[in-house]
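Position 1 is the first residue of the sequence, and the numbers go up from there. In each ligand, atom 1 is the first atom listed, and ligand 1 is the first ligand listed.
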Amino acid sequence: MSGIFITIEGPDGAGKSTVIKKLAQKISENSSVQVLLTREPGGIDISEAIRDIILSPKNIAMDERTEALLYAAARRQHLVQKVEPALKEGKLVLCDRFVDSSLAYQGAGREIGMEAIWSINQFAIEETMPELTLYLDIDAKIGLERINQGRKFEELDRLDQEGLVFHERVRAAYLELLLKYPERIQKVDASKSIETVIDACYNLIKDKFPNLFN
Ligand SMILES: Nc1ncnc2c1ncn2[C@@H]1O[C@H](COP(=O)(O)OP(=O)(O)OP(=O)(O)O)[C@@H](O)[C@H]1O
Ligand SMILES: [Mg+2]
């Protein structure tokens, strides 16, 4: 495949969705490469339907491993139907979350174990891995405060506060992945201003793929 596959990862509220949009814009302004901005389930009908099952409040009986398998299934369909065709066309694919999210959230957050999650995801994605993963690192508490519209942690309800332990496991798992895949995953300090984070991401892409830019 001749395109370039880049993913953006990090805990809730790290700024992934905010940053990725501006990043796509900035790349397009400075390169002739065609950029595809996507996120799982990416508007793919089958993946959206799977996601509806995962998120439906009716499905409180869902087992954690069932959830992990469904995420992997939705991921595969988005990959084969949207990401891989774009890569074959030589596009730069920027994807908001990918396999590292499952490793961190289902593997560590839900405590299924990263190895078990890796094995089902390897089945789902086969050989297609991102060449570069931008990991937006943020303290779990600050991330949660951001997505709760700036309310201080002490002002969050009990359930949100309990969620902190889960999100701390997620962040710790990302940091473990960073050590494990130092070539692929690059850390960005997401506690800085949005502009600073965007610039850092842009420079990492430029350093890794200098030929893309004018
Ligand atoms: N560097 C930053 N400094 C301050 N606020 C930020 C920063 N980046 C993002 N935010 C704000 O934090 C909130 C969450 O941002 P965003 O939705 O981009 O995060 P996310 O990583 O995509 O979260 P999720 O995992 O929940 O999808 C938004 O209100 C956004 O404006
Ligand atoms: Mg987001």
Side-chain angles (χ1 to χ4, degrees), residues 5-27 35-44 47-48 50-52 54-55 57 67-68 70-72 74-75 78-79 82-83 93-110 117 121 130 132-157 159-178 185-205:
F5 186 23
I6 298 175
T7 58
I8 188 160
E9 292 280 358
D12 291 28
K16 300 174 293 295
S17 306
T18 306
V19 163
I20 202 171
K21 283 194 209 102
K22 304 242 177 88
L23 199 55
Q25 234 176 327
K26 197 162 173 175
I27 295 166
V35 180
L36 172 74
L37 179 58
T38 189
R39 55 167 299 170
E40 297 175 341
I44 298 303
S47 302
E48 297 276 1
I50 296 169
R51 196 171 170 93
D52 286 345
I54 299 172
L55 298 180
E67 179 191 281
L70 289 173
Y71 271 120
R75 171 162 306 127
H78 171 249
L79 187 72
K82 192 167 181 183
V83 176
V93 178
L94 272 179
C95 189
D96 189 342
R97 293 192 181 279
F98 190 59
V99 65
D100 299 303
S101 283
S102 280
L103 295 170
Y105 284 76
Q106 275 71 50
R110 295 234 187 272
I117 298 299
N121 275 277
L132 174 65
T133 296
L134 302 164
Y135 165 57
L136 270 50
D137 185 49
I138 194 79
D139 176 72
K141 213 167 169 177
I142 297 174
L144 288 178
E145 285 177 352
R146 281 185 185 169
I147 53 174
N148 284 285
Q149 287 116 24
R151 277 185 297 153
K152 289 274 169 254
F153 184 73
E154 293 69 29
E155 296 163 17
L156 304 182
D157 68 29
L159 275 182
D160 276 346
Q161 287 198 357
E162 270 175 5
L164 180 64
V165 182
F166 175 95
H167 288 98
E168 280 173 343
R169 283 201 295 272
V170 168
R171 187 202 188 191
Y174 273 126
L175 292 171
E176 214 179 301
L177 289 167
L178 183 71
I185 307 179
Q186 299 293 328
K187 180 169 123 174
V188 173
D189 181 355
S191 70
K192 300 274 198 293
S193 73
I194 294 177
E195 286 310 315
T196 305
V197 177
I198 294 164
D199 284 348
C201 290
Y202 180 75
N203 288 332
L204 284 167
I205 295 173

Participant: Any side-chain heavy-atom pair from Thr38 and Asp96 closer than 4.5 angstrom?
Facilitator: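 No, their side chains stay 4.5 Å or more apart.
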Participant: Just to confirm my output: which protein heavy-atom neighbour is closest to atom 27 (O) of ligand 1, and how far is it?
Facilitator: Ser17 OG, 4.0 Å
Participant: Return a yes/no value for Gly10: is any of its N or O atoms, backbone included, closer than 3.5 angstrom to an N or O of ligand 1?
Facilitator: no
Participant: Does ligand 1 have a heavy atom under 4.0 Å from the side chain of Gln149, from its backbone, from both, or from neither?
Facilitator: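 It is neither; nothing of Gln149 touches ligand 1.
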Participant: Starting from atom 23 (O) of ligand 1, find the nearest protein heavy-atom neighbour and note its residue, name and distance.
Facilitator: Gly13 N, 3.0 Å
Participant: Relative to atom 3 (N) of ligand 1, which among Glu9, Glu145, Arg146 owns the nearest non-hydrogen atom?
Facilitator: Arg146
Participant: For ligand 1, indicate whether the residue Glu195 contacts it via side chain, backbone, both or neither (heavy-atom separation under 4.0 Å).
Facilitator: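 None of Glu195 does.
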Participant: Can an N, O or S atom be found in Thr18 less than 2.8 Å away from the Mg ion (ligand 2)?
Facilitator: no
Participant: List ligand 1 atoms under 4.0 Å from Gly15, heavy atoms only on the residue side.
Facilitator: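 So the atoms of ligand 1 that pass are 8 (N), 9 (C), 15 (O), 16 (P), 18 (O), 19 (O), 20 (P), 21 (O).
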Participant: Using a 4.5 Å cut-off on heavy atoms from C-beta on, say whether the side chain of Arg171 contacts that of Asp137.
Facilitator: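 When only atoms from C-beta onward are counted, Arg171 and Asp137 do touch, with a gap below 4.5 Å.
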Participant: Identify the closest protein heavy atom to atom 8 (N) of ligand 1: which residue and atom is it, and at what distance?
Facilitator: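 Here the closest protein heavy atom is Ile194 CG1, 3.5 Å.
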Participant: Can you list the atoms of ligand 1 that are under 4.0 Å from a heavy atom of Lys192?
Facilitator: 1 (N), 2 (C), 3 (N)
Participant: Within the 4.0 Å heavy-atom shell around Ala190, which atoms of ligand 1 are there?
Facilitator: 1 (N)
Participant: Whether the side chain of His78 engages the backbone of Ala74 through a donor-acceptor N/O pair (distance < 3.5 Å, no angle test) should be reported.
Facilitator: no
Participant: Tell me whether Lys26 at atom NZ has more than 12 heavy atoms from other residues, nucleotides or ligands lying less than 6.0 Å away.
Facilitator: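 Count over threshold, so yes.
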Participant: Which is closest to atom 20 (P) of ligand 1 by heavy-atom distance: Arg97, Arg39, Lys21, Lys16?
Facilitator: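 Of the listed residues, Lys16 has the closest heavy atom.
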Participant: Nearest 0.5 angstrom please: Gln25 CD to Leu23 CG, how far?
Facilitator: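 These two atoms lie 10.0 Å from each other.
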Participant: Quick one: look at Ser191 and ligand 1, take heavy-atom pairs under 4.0 Å, and tell me if it's side chain, backbone, both or neither.
Facilitator: neither
Participant: Name the residue from Arg97, Lys16, Lys82, Arg75 that meets the salt bridge (charged side-chain N to carboxylate O under 4.0 Å, His left out) definition with Glu40.
Facilitator: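 Filter result, single survivor: Arg75.
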Participant: Between Phe5 and Phe98, is the gap from one ring center to the other below 6.0 Å?
Facilitator: yes
Participant: Between Thr18 and ligand 1, is there a nitrogen or oxygen pair with a distance under 3.5 Å?
Facilitator: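 Min N/O separation from ligand 1 is below 3.5 Å for Thr18.
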Participant: Looking at Ser193, which atoms of ligand 1 are within less than 4.0 Å of one of its heavy atoms?
Facilitator: 1 (N)
Participant: Of the non-hydrogen atoms in Ala190 and Val197, which two are nearest, and what is the gap between them?
Facilitator: CA-CG2, 3.9 Å
Participant: What I want to find out is whether Arg146 reaches Asp12 closely enough, with some N-O distance under 4.0 Å, to be called a salt bridge.
Facilitator: no
Participant: Are a donor atom and an acceptor atom from the side chains of Tyr174 and Thr133 found within less than 3.5 Å of each other?
Facilitator: no
Participant: Any N/O of Ile147 closer than 3.5 Å to an N/O of ligand 1?
Facilitator: no
